[in-house]
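Report on one structure; see the data block that follows.
These values consider heavy atoms only, across backbone and side chains, with no hydrogens, waters or symmetry-generated copies. In what follows, chains are A, B, ... by sequence order, proteins preceding strands, each numbered from 1. Fair warning: this is a prediction, and the values are worked out from it, not measured in the lab.
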Amino acid sequence: MYEELNDMQLEAVKHTQGPLLILAGAGSGKTKVLTSRIAFLIENNVAPYRILAITFTNKAAGEMRERVDKAVGYGAEAIWVATFHSTCVRILRRYADRIGYENNFTIYDGDDQKSLIKSILKKLEIDTKRFKERTFMSVISGAKDCLINPTQYAMSATGDYVKETYARVYREYQSALKKNNAMDFDDLIVQTVELLKKDEQVREQYQERFEYIMVDEYQDTNTAQFELIRLFAGKYENLCVVGDDDQSIYKFRGANIKNILNFEQHYPGAHVIRLEQNYRSTQNILNAANSVIKNNYGRKDKTLWTDNPVGNKVVFKQFENGDEEAYFVAHDIARNIKEGTFSYADCAILYRTNAQSRLFEERFVSENIPYKIIGGVNFYARKEIKDLLSYLKTVDNARDDLAVQRIINVPKRGIGATSISRVSAYADEHGIGFYDALKQAREISTLGRAASKIEPFVQFIQVMRTKLLSGLSLTELLEEIIDQTGYVRDLEAEGTDEALARIENIDELMNKITSYEEEVDEPTLSGFLEEVALIADIDNLEEDSDYVVLMTLHSAKGLEFPNVYLAGLEDGLFPSYMSISSGDDSEIEEERRLMYVGITRAMKQLTISAARMRMIRGELNFARVSRFVREIDPALLTGTINETKPIREQSPSRAAKNTFKQNSYLTKSSPAKRESKDFGKASLADGQLEYAVGDRVRHMKFGEGQVQEIVRGGRDFEVTVLFDSYGVKKMFATFAKLKKI
DNA sequence: CACAGGTCTCTTTTT
DNA sequence: GAGACCTGTG
């Protein structure tokens with residue numbers, strides 16, 4: 001197998017001792033190197049169980065597992081191939097009791113975190129108008145990514161009211177987690193680090209065990225993960241990390257690009273190998289990627305090249321709006337299928353935001369193109385799935401207060417918010433869990449008659465437990481729950497498309513639990529719940545089915561497709577408005593890396609598209625073609641960028657005018673129409689607002705601009721403003737809070 | 001306590 | 001345009 005490797009790859013495979021940094025450009029065969037390296041280690045008599053290979057996604061782990069199994073054969077199953085999170089879960093399931101948790105702790109997903117925070121804000125009487133849950137979540141997550149605990153955070157926050165509030169919530173949040181015997185995603189890493197630092201015995205055990213460590217996508221590690229790896233590798237330091245600083249796209253999640261840029265400082269004497277030959281893309285595609293990424297500063301110097309054919313030029317298309325864009329992509333795919341150039345599964349549509357998937361989905365449905373959307377709402381985050389999982393969790397151990405509270409009134413049992421908070425208060429008072437308090441419902445004096453409504457619920461859970469203990473299978477248990485609660489029956493009665501989709505999801509859950517029972521030697525309810533807790537949508541991408549895949553650029557990292565469409569290449573969407581308005585070049589650079597990732601997913605054909613107008617959050621936005629498209633060497637592109645002038649000088653296209661008409665927007669040049677439509681009220685409107693057509697105004701976000709038109713809408717005035725820096729925006733007067741200047 | 005209807009806000013990106 | 005939140009009614 002080694003003869004397939006080029007010199008650099010071979011060197012990386014054979015360099016097994018000491019720290020090694022492999023800078024692997026996109027499509028340079030890094031997975032092949034990693035798997036070959038594992039095979040090589042084993043051939044050289046390294047015990048399989050002393051090898052650890054860490055990835056970010058289950059999909060990547062699964063892929064590597066498969067390839068390792070193939071390359072190694074006997075003993076491969078002993079190699080530890082896993083994601084950061086599942087690695088940590090595995091360790092914590094054994095030793096969490098040494099840091100004050102029980103080993104059967106539950107794992108909270110984003111939804112759970114959110115509701116926990118919500119209840120904390122209520123408890124601390126924090127004004128949710130001024131402070132948003134989201135902010136707390138990201139502050140806490142950010143702190144954890146950097147291994148800052150509540151006490152440390154509080155110390156750095158003194159004197160700053162806002163930060164002190166964050167600190168209070170963080171502290172409360174963390175102690176609530178502990179009380180619930182729960183960890184959030186970040187905790188899985190943080191607590192493992194904590195465990196390894198505190199407990200010498202555990203640390204030494206794993207340091208001894210992990211003689212050889214490999215980390216994939218190293219550019220995306222955050223400080224906590226860096227520390228985790230450092231601890232793991234503490235004894236042998238046979239640490240091989242693979243990454244590409246040009247593909248670092250998770251800064252918002254705490255990824256610290258310095259981990260890879262400064263690897264040689266962290267590990268003096270580290271050997272560095274560059275993999276610069278690309279085996280994936282055509283020359284045109286690769287050159288397009290190179291011409292974009294070279295605009296970034298502070299990169300590790302490298303130039304990707306390929307022996308592959310030159311290939312077709314990159315196609316650039318510009319459309320009036322998002323509908324037309326989706327229409328084109330659908331028909332382009334249909335054409336490729338018809339001509340036999342590509343199969344559906346060869347095609348992928350990549351975009352910056354999940355919201356963009358909708359237009360494509362609608363179009364694909366009407367054109368009968370099979371598709372699959374990855375991401376958006378995770379399967380296991382869907383309401384119906386979370387409800388049923390909450391039942392399972394409650395039957396399993398009921399330690400998860402959130403799960404119990406979620407389902408206590410699903411279906412309706414007449415137990416409302418008031419009763420729940422009374423039970424909660426009682427539980428707090430007596431230092432017991434929520435479910436235990438439910439069991440004693442009769443003792444809770446404040447409940448009154450509501451107690452009688454709670455009893456059947458508790459009874460139901462207890463019966464399920466008994467049945468499970470007496471040998472009911474997991475599939476049967478779930479069936480019983482669905483049956484007894486009437487969950488599916490209610491949905492059937494509803495009969496809407498949405499309800500039917502939910503039933504399909506429930507069927508899917510049944511399939512998953514059944515296949516879990518078939519695949520695992522000793523299936524347990526806890527085991528199933530645990531497996532499910534760490535699954536992301538991308539992991540469910542099935543290779544053998546034939547459908548077009550739609551996903552965000554972030555989800556696409558690590559994947560490749562013969563025919564790729566990059567959609568929505570507009571300034572303000574990609575790069576995002578946030579990154580442009582931050583004025584921080586490093587944010588644009590991160591977006592540019594995302595563009596680089598997107599381009600390099602394509603093997604044979606790449607199509608880039610943009611729309612002049614797009615509805616974003618109910619607002620019609622005009623945008624110029626993304627700066628990233630301009631950065632591509634024009635010699636590599638077909639199609640021209642039809643927009644050399646800034647947006648403010650261009651008149652709306654025909655299609656744009658049509659849209660205006662549909663939305664009853666009138667052009668400035670036809671006051672007569674406005675009169676007839678609004679019976680002269682428009683001029684009254686101009687008088688009521690402090691500004692009129694032609695005035696200069698200021699907007700909080702968009703800065704200064706000129707009012708183009710004011711039209712009376714349903715209950716408000718719709719104002720169209722030409723902003724100096726952001727082009728034309730339409731907005732409601734009460735919402736926009738424009739100030740005349 | 002449940003439900004319907006209205007209002008307000010808003011996300012890039014996710015393990 | 002969707003989802004969370006609030007309010008009023010039965």
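- If you check every strand for non-hydrogen atoms under 4.0 Å, E590(A) touches nothing.
- Within the nucleic acid shown, S576(A) comes within 4.0 Å of at least one base atom, counting heavy atoms only.
- When rounded to the nearest whole Å, the span between CG of D109(A) and C1' of dT14(B) equals 12 Å.
- Between F628(A) atom CZ and dT13(B) atom C1' the separation is 13 Å, expressed in whole Å.
- For K132(A) and dC10(B), the shortest distance from a side-chain N or O to OP1 or OP2 is below 4.0 Å.
- One can place CG of L573(A) at 16 Å from P of dT11(B), the figure rounded to the nearest angstrom.
- For the salt bridge (Lys or Arg N to Asp or Glu O under 4.0 Å) test with R614(A), the passing option among E320(A), E324(A), E570(A) is E570(A); the others fail.
- By the 4.0 Å N-to-carboxylate-O rule, K30(A) lies too far from D244(A) to be salt-bridged with it.
- As rounded to whole Å, 14 Å separates atom P of dT15(B) from atom CE of M137(A).
- Across all strands, Q225(A) comes closer than 4.0 Å to no nucleic acid atom at all (heavy-atom distances).
- Between S419(A) and N354(A), the residue anchored closer to the 5' end of DNA chain B is S419(A), taking for each the nucleotide with the nearest heavy atom.
- Residue contacts for K118(A): at a heavy-atom cut-off of 4.0 Å it reaches the sugar-phosphate backbone alone, with no base atom in range.
- Ring to ring, F360(A) and Y371(A) are not that close: their centroids are 6.0 angstrom or more apart.
- A salt bridge between E590(A) and R593(A) is present, with a side-chain N of the basic residue lying under 4.0 Å from a carboxylate O of the acidic one.
- Contacts of residues 141-148 of chain A with DNA chain B (heavy atom under 4.0 Å): none.
- The aromatic ring of F252(A) sits over the base of dT13(B), with ring centres less than 5.5 Å apart and planes tilted by under 30°.
- For E384(A), the salt bridge (charged side-chain N to carboxylate O under 4.0 Å, His left out) test picks out R502(A), with sequence neighbours left out.
- For the pair M578(A) CE and dT13(B) C1', the interatomic distance rounds to 11 Å; values are reported in whole Å.
- For the residue pair S86(A)/T83(A), the side-chain donor-acceptor check at 3.5 Å is satisfied.
- Side chains of Y108(A) and D400(A): a donor-acceptor N/O pair is present below 3.5 angstrom, by distance only.
- Regarding M615(A), its CE atom lies at a distance of 15 Å from the C1' atom of dC10(B), rounded to whole Å.
- In summary, the side chains of Q174(A) and K144(A) do present a donor paired with an acceptor at a separation below 3.5 Å, with no hydrogens or angles considered.
- The phosphate of dT11(B) (OP1 or OP2) has no side-chain N or O of T353(A) nearer than 4.0 angstrom.
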(request) Please assess H554(A) against F252(A) for the test ring pair (Phe, Tyr, Trp, His ring centres under 6.0 Å), listing each intermediate value before the final yes or no. (result) CA-CA 12 Å; H554(A) 282 89; F252(A) 71 94; 5.6 Å; yes

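- Among the atoms of the strands shown, only primed sugar atoms or phosphate atoms (P, OP1, OP2) are found under 4.0 Å from some heavy atom of Y250(A).
- Between the CD atom of Q356(A) and the P atom of dC10(B) there is a distance of 21 Å, given to the nearest Å.
- Mapping E587(A) and I420(A) onto DNA chain B by nearest heavy atom places I420(A) closer to the 5' end of the strand.
- Of the listed nucleotides (dT15(B), dT13(B), dC3(B)), dT15(B) has the atom at the smallest distance from the side chain of H85(A).
- Within the 4.0 Å cut-off from OP1 or OP2 of dT15(B), not a single side-chain nitrogen or oxygen of N222(A) is found.
- As rounded to whole Å, 15 Å separates atom P of dT14(B) from atom CG of D186(A).
- Between the side chains of T57(A) and K557(A), no donor-acceptor pair of N or O atoms lies under 3.5 Å.
- At a threshold of 4.0 Å, the pair D145(A)-R253(A) does not count as salt-bridged, since none of the basic side-chain nitrogens sits closer than that to a carboxylate oxygen.
- In terms of phosphate contacts, N409(A) brings no side-chain nitrogen or oxygen within less than 4.0 Å of OP1 or OP2 of dC1(B).
- For S555(A), the side-chain atoms get nearest to dT14(B) when compared with the rest of dT14(B), dA2(B), dC10(B).
- The nucleotide range of DNA chain C contacted by chain A, defined by atoms under 4.0 angstrom from heavy atoms of the protein and reported 5' to 3', is dG1(C) to dC5(C).
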